[in-house]
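See below for the structure under consideration.
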Amino acid sequence: MGRPWKLTLDVDLYERLHNHLFRDDNDEHAAVIAAGVVSTTHGVRLLGRELFLAEDDVDFVRGGRGYRRLTAEFVGEKIAFCRDEKFCYLAVHNHGGTDCVEFSRTDLESHERGYPALLEISGHPVGALVLADNALAGDIWTPDGRRHSISETVVIGPNLQRLHPAPPPPPPAADPLYDRQSRWFGDRGQHLLEHLKVGVIGGGGVGQPLVSMLARLGVGEIVLVEPERVEPQNLPRLADATRFDAMVGLRKVPLLGELLAPFFSTSKVRLAHRAAKRANPKITFTGIASNVVEPAAAMSLIDCDFLFLAADSHQARNVFNAITHQYLIPGIQIGTKIEVDRETGEVRDISGNVRLVTPSHGCLRCNGLISSSKLALESMEPGERRRNEYIENVPAPSVITFNTRSASQALSEFLLMLGGFIDAETINGYELWRPRLKRTEQVEPIAGRDNCRDCGTTPSSRRGRGDGKELPIKQASG
Ligand SMILES: [Zn+2]
Ligand SMILES: [Zn+2]
């Protein structure tokens, strides 16, 4: 058996498609999706990028052999677009029914007649999708002469909806260890967590509790990207760290100790690995001790099912925002802020932010959270940076209670999305917690701009491009 092929669609595209296909006339309708492709060791994922609706009786007409077919003109135009933009071409139509769907014999015969020629023209995968109201099947042809079916489709919206050709068999009973939580989200929810790969950028005061809790929940695979080692000043915020991890004793040795301690203290990825394994010995944990702008770090995240951003650099935000849009991976950015006046020491606002970012919602760039001047500063060498930094770079205040509160909030949102528990009527806002006012506010994010290079719809934007575009990372040397 080859690697599984899956499809990811953002909810905006899916709803436009669904409304076009399923109408009061109960008839068949059609469209074409141009999809980006991500190919990793986990499998191949197709990413819905553009949707072209076929107009009835103009682009989608009654034919001799089949019930209806797309006109040669419509197909020709879209296959040329997919060839030029390096997208997978997907012809879409609907059948009746609700939870099960499959291609008819007429459908399959038309694929056999048409797809070899389309493959020749495009040089990229081509295929078809057929939808029922709550089911999706696919027949994808690749230039190497193979055919693949789509095992699962994930629709990314306020909830993560999963579509299959037919209802999947009931999952195995969850480990009794997880009894209390599977009483909430069922054996299926627990099974889903076990088969999930979650990426975390940042392993500090927010990232460490995130990883610990993800592992406690039973998430099967975690990737953590964090370059630093444990320092004594981190200990009040890292529940799993010991004084030995920070080499507190060694630092007291005059001269040599101070010099050596930074090299011998435990790396934060190692600390997280230890905590994750204690929580769940079966977990697959990958710790990458480097900055997320390093190619190996960024590329380790592209086949994750969900991302958490728990680092506050603009570089990290930039890479996170690029990955969530280019690879259609939902994510949550977490930040806590204690504003203290540098001159007077007066405490101003205290806030905790939990921001959901999905391909059609909450882009960090469109919401003014990625500053190009900060990005430029962060990409400088340390010496150059000191000369250019006008304000002295002092560490920000940080307290365990605020960090873990935000980490918990982010994880709760993740569980609610995964299980489909978010109420459809809810404003899908950013959560802003303001403890000094004893208040939690929902902040409606700014809608994405058409010309945004991450979430936009212009030809050069990243959205859904998958492997067809470079990430904003350092170029691999050598
Ligand atoms: Zn059909
Ligand atoms: Zn944007």
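Index from 1, following the sequence. This structure is a prediction, so every number in the text was calculated from the model and none was measured. All ligand and atom numbering here is 1-based and tracks the order in the structure.
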Q.
Suppose we screen for side chain to side chain contact (heavy atoms under 4.5 Å, CB included). Which residues come up paired with I79, at least two apart in sequence or across chains?
A.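 So I79 forms a side chain to side chain contact (heavy atoms under 4.5 Å, CB included) with Y89, L118, I121, S122, V126.
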
Q | Aromatic centroids of H95 and F103 separated by under 6.0 Å | A |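 Ring centroids of F103 and H95 are no less than 6.0 Å from each other.
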
Q | Aromatic centroids of F74 and F52 separated by under 6.0 Å | A |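 Ring centres of F74 and F52 not closer than 6.0 Å.
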
Q: Could you check if a side-chain atom of L9 sits within less than 4.5 angstrom of a side-chain atom of I156, using non-hydrogen atoms only?
A: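 Sidechains of I156 and L9: no contact.
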
Q. Does a side-chain heavy-atom distance below 4.5 Å link L309 with I332?
A.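 A side-chain contact is absent here, since even the closest heavy-atom pair is not under 4.5 Å.
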
Q.
Between T142 and H148, does the side chain to side chain donor-acceptor pair (under 3.5 Å) criterion hold? Intermediate values first, please.
A. CA-CA 8 Å; T142 44; H148 314 266; 3.1 Å; yes

Q) Among pairs that include at least one residue of residues 12-34, which meet ring pair (Phe, Tyr, Trp, His ring centres under 6.0 Å), considering only residues two or more places apart or in two chains? A)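 For residues 12-34: Y14-H18, H18-F22.
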
Q. At distances under 2.8 Å, what protein N, O or S atoms surround the Zn ion (ligand 2)?
A.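 You should have found C363 SG, C366 SG, C452 SG, C455 SG.
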
Q: List nothing but the number: protein N/O/S atoms under 2.8 Å from the Zn ion (ligand 1).
A: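 N, O or S atoms of the protein closer than 2.8 Å: 4.
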
(Q) Between T98 and D133, is the side chain to side chain donor-acceptor pair (under 3.5 Å) condition met? List the steps. (A) CA-CA 5 Å; T98 309; D133 189 36; 5.2 Å; no

(Q) For F306 and F414, take the angle between the two ring planes, folded into 0 to 90°, and tell me which bin it lands in: parallel under 30, tilted 30 to 60, perpendicular over 60. (A)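 Aromatic pair F306/F414 classed perpendicular.
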
